[in-house]
Every structure is written in C-alpha cells, then in structure tokens.
Amino acid sequence: MSTGYVAVQWSRHKRLYDASVAIGIAIYLGAFVGVSKAFWAGEHGISDEVILIRALGSCAIVLLHIILCIGPLARLDPRFIPILYNRRHLGVITFLVALAHATVAVGYYHGFGVLNPFRSLLTSNTNFSSLRAFPFEILGLLALLIMFLMAATSHDFWLKNLSASTWKRLHMLVYFAYGLLIGHVALGALQADRGSIGPALMFSGLCIVSGLHIAAGLKEYRKDRGAGTLVVDAGEWVDVGAPDEIPTDRARTVCAPKGERIAVFRSAGSISAVTNICAHQGGPIGEGKVIDGCITCPWHGWQYRPQDGCSPPPFKEKIATYQVRIVGGRVQVNARPLPPGTPTTPALASGGLS
Amino acid sequence: MSDSIASAILLTLAAYIAAGVCFAFGFVFRGIYTIDPAALHAPLTFRAVLIPGAAVLWPVLLRRWMLAGKKP
Ligand code: HEM
Ligand code: FES
C-alpha cells in the first residue's frame, strides 16, 4: 500500500515473470527471422530490415492479444488471476516492442531521404479516400501514441493522481488502439500484396478476443441475476443466503439493485460486508481471502479490516462498508453503501434476530 | 496531407513536448510534493519513470500543482 514510491515494483515473482516474457520475445523474434530467411532465400529474398519490421510488428500484436485476453480469462477462471497481476509490465514491454517496430519501419522506409522522416511519414501517402492505398502507417502511429500514453502512465503514481476513473478511461483506449491496429495490418497487407496470412491470423485473434469478452460478460450477467440477488424489504436489504453458505474466511458477492457489487465476508464467526471494488485498482475484493484478520485483495494484496473497511496502520486506505443483519437464518446486506471507513456491527454467524 | 500542414502539426507537437520536458523536470523535483506528499523520499529512478508521462500530460499536472499551491 502507499508507503512510498519506487520506480518498478519488482518482487521475485514479477522478476521471474518479466524474465520469462523477455526470453519468450527473444525466441519468437529469432524463430521469425530464421523461418523468414529460409522461406524467402535466394533471388527474391526480402531484406533483413523488412524481416525485422515484420518480426517486431507481429510480436507486438501477439503480446497485445495476450494482454486483451488476460482480463476476461481471469474472470472466467480464477486460475488465470496470477498473470493478471503483471499486466502492466506486459503493457510496457509491448509498447517497447511496438516502438522498435515503428522505429525500424520509419528509418527504413522514410529515413534515407532528404525529408525529416516524421514529415515523410505524414506526407508521403495521402490516399485517405482509397482503401487499397490507404496510409496504413498513420493508423499504426496513432495506435503507438495511445500505447505510449498507457505505458507512460502505468505507474501507481498516475493511478492515484489522475484519479482512478480518468486512469481507467485512459487505459480503456487500448480497445481503440486495437481497432486501429486491425486497420494497420489489414490495409498494410492489402497494399503490399503480402498474402493473407497476417490478416487471417489477425481475424482469428479478433474472434478470440471478442469471444472471451462476451463469455466473461455473460458469466457476470448471469451471476448478477442469479441466486443471492433477491431483493427483499423494499429494495433496501439484499438476501445473501444462509450464513454457512459463505465459505470460512471468504466472501460471497452479491449485486445491489443499482448494480454495484458487495462482498460479504465470513470469518471468525462474524459476517461483514464491504464494497467489491478495491481502492487500489478496482480489484475484485470478494475473490480475496481473510488473512491475519484482514480482507486481502487478490490482485496486489491490499488489506482492509472487515469491520470498518480501513487498512491496518500505518496504511490509510479506506473502502465503503455495508450494514449486515441476519433475519430468519438468512444473511441480508443493506444495499446503501456507507462512507469509506465507516465502522459497522458485524452479524454473528450463529444467531441474530429470528 | 500537404507539406505545410504536416510541418505545422510537427512543429506544434515539438513545441508542446519541449515545454513538457522542461516542465517535467521541475515537476518531479518540486511540484510533485505539493500534489502527492508520498513522493517525498522517493528514489531518483521513480522520478525518472514519471518524466515521459509528465512531459505529455503536463497541462493536467500544472493545473493540479497551481490548485494545490493555493490551498493553505
Ligand atoms: C509509427 C508507427 C508505425 C509504423 C510507421 C509502422 C509501419 C509498418 C510497416 C511499414 C509495415 C509493413 C512492413 C512490411 O513491409 O511488410 C507494418 C506492418 C505491421 N505492423 Fe506496423 N507500424 C507502426 C506501428 C505499429 C504498431 C504500434 C503495431 C502493433 C502493436 C504494429 C504492428 C504491425 C504488424 C502486426 C504488421 C504486419 C507484419 C507482418 O505482416 O508480418 N505496427 N508496420
Ligand atoms: S487492486 Fe491492487 S490490491 Fe486490490
């Protein structure tokens, strides 16, 4: 939690992860260059620069697909959650690979003339009205700018000081960048008559990414409408289920009528409720555990006391709490959030009004 | 895109970024404390990773710096 800033929050686990990504990238680039050289050897060989441009570009796009799939995968199956932790490092690495691709491309196609290469990039092709000759590089440039913005603001400092909602909106631009890149690859291939393998792969990638997003969305939609959302008492109190239906030291997540999720935890015989949204990066608190008496977010381990939603000292983070009660052997939670850090009276798992 | 439009775009961008880079250095050593006291004893490398973002988003940070400076 916010004890002080460091440049990169590396832990042993994250170093291992980043090292595997770097090794993976090296193997990919090596294999791509090797195979391309074998395929296009001899008279009609492609220059090394073009092979490198393609290797780096396709590597960046593969990484981007992985990034876009991690979110829905983690929502579909909790076993993917550990790779979610490091999505930001992956984002920065992807930007660097894409930057290398763009640098070699600009240098090779625009750098050897008398024009400033950037001016050449903007002016050499102005066929905006033609699909076959569209300046696909400008689409790549816009996507690269978005990726830069996201990489440059990936530090926690920005999350805190741009406000979480602005930050989130900024990082949602990744989908826009993805759209631009589909155009970059499809139109680029159209222009160079480089065959349809690239666009075909891109299309399957698009199907996988959208399929996963739809599946995860459907799952969440069903969960929200399913058991546990029964509204009793004029919309104020929401039914959670019997106390022992909540696993010990874990939560059951319910959805309030307005759509916000509430995590109802049971630990040490008492039941208390907090918002499902972590103050750090909006992680799903309800998928976390109670560790050392504190609710622990599954994403980066921020902790909150169940009874008042405050982080244990010396930390100062707070999340919204909710009133809970037990009526007729059922746990109910009040749908109205209390201000972050408000103490509540936990309900006793064995007892209550009946 | 015509040559003159492209030059104008690139010049504007270059001026914006140049101003941003100057601002960023001032920000990571001074302004940052007014908007986020948690940065007080942060290492140099932390300040370095903020520079690219600060050079681009400088109008936002400048506004926050001014506003925070006014508070008693
Ligand atoms: C200023 C920005 C960019 C420029 C100037 C640029 C330029 C190019 C050029 C010239 C090609 C065709 C290479 C060839 O001759 O085969 C290309 C292809 C490609 N680019 Fe970019 N690009 C940029 C940004 C990006 C970004 C940000 C990504 C992805 C993250 C990307 C991904 C790709 C891919 C996947 C291909 C197809 C590679 C292949 O067919 O094997 N590009 N780009
Ligand atoms: S989102 Fe990072 S700890 Fe909860």
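To find a chain, count down the sequence lines: A is the first, B the second, and so on, and within it residues start at 1.
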**OP:** Applying side-chain contact (heavy atoms from CB on, under 4.5 Å), name anything that partners A/I67, two or more places apart in sequence or on another chain.
**Re:** A/R87, A/L90, A/T94
Subject >> Pairing residues for A/H65 by the side-chain contact (heavy atoms from CB on, under 4.5 Å) criterion, not counting sequence neighbours >> reply: A/I61, A/Y178, A/M202, A/V209
Subject >> Partner residues of B/I51 under the side-chain contact (heavy atoms from CB on, under 4.5 Å) criterion, sequence neighbours left out >> reply: B/A24, B/F25, B/V28
**OP:** Show your reasoning for whether side-chain contact (heavy atoms from CB on, under 4.5 Å) applies to B/F23 and B/W65.
**Re:** CA-CA 11 Å; B/F23 170 86; B/W65 186 355; 3.7 Å; yes
Original post:
Is it true that the side chains of A/S311 and A/Q303 contain a donor and an acceptor less than 3.5 Å apart?
Top reply: no
**OP:** Report, by ascending residue number, the residues of residues 52-62 of chain B in heavy-atom contact with chain A at a distance under 4.5 Å; give 'none' if the set is empty.
**Re:** B/P52, B/G53, B/A54, B/V56, B/L57, B/V60, B/L61
Original post:
Do A/R305 and A/D308 sit within salt-bridge range, that is, some charged N less than 4.0 Å from a carboxylate O?
Top reply: yes
**OP:** Using a cut-off of under 4.5 Å on heavy-atom pairs, state which of A/L149, A/N161, A/T153 scores highest against chain B.
**Re:** A/N161
